[in-house]
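Worksheet for the structure shown next.
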Number of protein chains: 2
Amino acid sequence: MGLGSADTRLLDRYVKRKRMLKRGQILYRADEELTSVYALRSGSVKTYLSTGDGRLQITGFHIPGELLGLNEMDEKRYHCEAMALETTSVCEISLSCFEELVRQIPSVYYQMLRMMSKEIKLNQELMLLLGKKNAEERLATYLLNISRRFAMRNYSPTRFNLSMSRGDIGDYLGIAEETVCRIFTRFQAEGVVTSERRYIILNDLKRLSDIACEPYHYPAVSRASPPLRLVNLR
Amino acid sequence: MGLGSADTRLLDRYVKRKRMLKRGQILYRADEELTSVYALRSGSVKTYLSTGDGRLQITGFHIPGELLGLNEMDEKRYHCEAMALETTSVCEISLSCFEELVRQIPSVYYQMLRMMSKEIKLNQELMLLLGKKNAEERLATYLLNISRRFAMRNYSPTRFNLSMSRGDIGDYLGIAEETVCRIFTRFQAEGVVTSERRYIILNDLKRLSDIACEPYHYPAVSRASPPLRLVNLR
DNA sequence: CGGCTTATTGATCCGACTCAACGTTAGTGG
DNA sequence: CCACTAACGTTGAGTCGGATCAATAAGCCG
């Protein structure tokens with residue numbers, strides 16, 4: 001199902017160059033022609049869409065191992081803008097090289113479908129959140145998603161550092177920065193989480209699940225197949 | 001890029017059976033195993049996700065020519081529930097048949113990527129709407145999207161019948177049914193639209209674009225490549 | 001150390017929700 | 001074909017969650 005290590009090594013030959021981004025630097029802009037796809041090696045990236053008058057909606061936070069730019073097959077043009085949240089390293093793979101790769105390793109095609117399918121699901125969950133949940137439910141849902149994501153990578157599901165600001169969280173959850181703060185304070189007062197700026201401890205996953213209005217999953221159940229790794233991380 | 005008519009005829013052999021649905025009937029449920037994909041022939045379908053306590057978010061309205069169930073490659077399990085909005089006819093294609101088809105016509109693979117890519121873009125636009133737009137902007141955006149969709153199929157972009165109720169529109173736009181009504185009334189008072197229950201006339205596309213906070217496109221510019229037709233319609 | 005970004009808290013206000021009532025339409029069964 | 005009924009659409013009144021504006025504190029980077 002995944003690529004073997006031989007495939008990974010083969011891929012190394014296709015990698016054009018590594019790029020380092022500092023916090024706030026832009027990887028690509030909306031409407032720009034799609035020339036490359038990017039594999040994230042370290043750091044993190046936000047992608048977002050904006051209205052004509054400057055309001056923006058963050059559509060996703062991306063972490064090492066993920067591939068950026070593959071959702072754009074339809075028009076060969078980036079739809080979102082992508083910005084580094086911290087010092088970030090990506091591998092740039094030119095589109096022609098990537099297409100050559102797909103010819104050599106056809107299973108990548110199927111992997112792409114799976115990745116896009118997963119993205120669609122994530123997006124739909126986010127729509128449910130944006131359309132129907134209140135601010136508390138939004139933040140609880142968000143913290144649980146982060147937690148699962150860390151658990152999947154064998155990091156602690158209950159203690160972690162966020163790479164995004166309160167404002168970014170708000171722009172992702174469709175609420176104001178101030179509301180994010182207030183609810184962090186409220187959760188802290190109730191003992192559900194401990195938060196010291198970007199360092200977060202989740203004290204009660206069960207209660208968070210209740211607040212988020214989601215069924216409770218015991219942490220670190222990673223029955224799902226591992227994500228596709230196109231590059232060696234770090 | 002698209003399938004030829006020979007391919008379409010070939011596909012006919014793979015179509016297992018046609019299903020007729022009446023308004024309110026369910027095509028598939030969330031968490032059900034993915035056994036078939038469905039090509040919509042006539043009518044319309046809504047897909048939606050729901051929270052544990054019954055709130056729901058409509059993730060899309062689907063019209064003839066579209067393929068349902070292809071977003072589920074990741075876990076081979078439907079993620080949304082799909083319900084007919086009116087009397088609707090679909091072609092059921094079993095998953096094994098579809099996989100056989102893909103082997104015989106590899107271009108379908110690429111088409112699937114394009115379709116999913118387009119869906120991701122639509123979903124992201126909807127996220128921006130849900131996260132950052134007010135009720136007026138939401139309804140204006142919605143009416144314009146419908147209009148473009150009709151224009152693409154050579155129907156009138158300014159006069160049409162909606163197949164969904166006010167409640168459905170609200171559940172799609174993340175606002176209450178009553179709010180949808182009020183804003184229809186307001187738009188009507190301002191002369192931007194004329195609405196007689198589900199029959200809608202858009203009197204001023206330019207003004208709608210301004211309200212929606214989107215750049216104005218002259219109607220019926222369909223430079224985009226036509227959608228994939230897997231079945232003959234009607 | 002100084003300037004800048006980020007985080008937090010308070011006060012006020014408003015858009016949209018909820019609840020409720022009522023008119024209208026379409027669908028059903030006799 | 002008509003009467004009945006349930007679903008749909010509309011409008012009003014009152015309320016409230018979260019936005020906005022504003023001020024201050026706390027880190028962070030050069």
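In what follows, every chain begins at residue 1, and chains take the letters A, B, ... in the order their sequences are listed. None of the values given here were measured: they were computed from a predicted structure.
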Just how far, in rounded Å, is P of C:dT18 from CG of A:N134?
11 Å

Any salt bridge linking B:E66 with B:R149? Criterion: basic side-chain nitrogen under 4.0 Å from a carboxylate oxygen.
yes

So that I can tick it off, tell me whether A:R166 and A:E177 are bridged by a salt bridge, with the cut-off set at under 4.0 angstrom between side-chain N and carboxylate O.
no

A:F184 CZ to C:dT8 C1': how many Å, rounded?
13 Å

Residues A:D168, A:K46: salt bridge by 4.0 Å N-O rule
yes

Side-chain donor/acceptor of B:E178 to base of C:dC19, under 3.5 Å
yes

Using whole Å, what does the distance between atom P of nucleotide D:dC8 and atom CZ of B:R166 come to?
12 Å

Applying a 4.0 Å non-hydrogen cut-off, can you work out what A:R138 is touching in the nucleic acid: base, sugar-phosphate, or nothing?
nothing

Assess whether one donor atom and one acceptor atom, taken from the side chain of B:R182 and the base of D:dG12, lie less than 3.5 Å apart.
yes

Per atom distances to the B:R197 side chain, the nearest of C:dA7, C:dT25, D:dA19 is C:dT25

Rounded to whole Å, the CD1-C1' distance (B:I169 to D:dT10) equals 14 Å

Taking the minimum atom-to-atom distance to the side chain of B:T185, which one of D:dT11, D:dG9, C:dC17 wins?
D:dT11

May I ask you to say what B:G170 touches in the nucleic acid, namely base, sugar-phosphate or nothing, with a heavy-atom cut-off under 4.0 Å?
nothing

Using a cut-off of 4.0 Å on non-hydrogen atoms, how would the nucleic acid contact of A:G174 be classed: base, sugar-phosphate, or nothing?
sugar-phosphate

Of the listed nucleotides D:dG18, C:dT9, D:dG9, the one nearest the side chain of B:C181
D:dG9

For B:Y48 and B:E81, test the side chains for any donor-to-acceptor distance below 3.5 angstrom and give the result as yes or no.
yes

Between A:K18 and A:S89, do the side chains contain an N or O donor and an N or O acceptor separated by less than 3.5 Å?
no

Without decimals, in angstroms, what is the distance between A:I183 CD1 and D:dA19 C1'?
12 Å

From CD of B:E196 across to C1' of C:dT24 the rounded distance in Å is 10 Å

Does OP1 or OP2 of D:dA19 have a side-chain N or O of A:T179 closer than 4.0 Å?
yes

What contact category does A:R23 fall into here, base, sugar-phosphate, or nothing, at under 4.0 angstrom with non-hydrogen atoms?
sugar-phosphate

Where the side chain of A:I175 is defined as all heavy atoms beyond and including C-beta, which of D:dA19, C:dT6, C:dT18 is the nearest nucleotide?
D:dA19

In whole Å, what is the span from the CZ atom of A:R198 to the P atom of C:dT8?
10 Å

Atom-to-atom span, CZ of A:R55 to C1' of D:dA19 - whole angstrom
13 Å

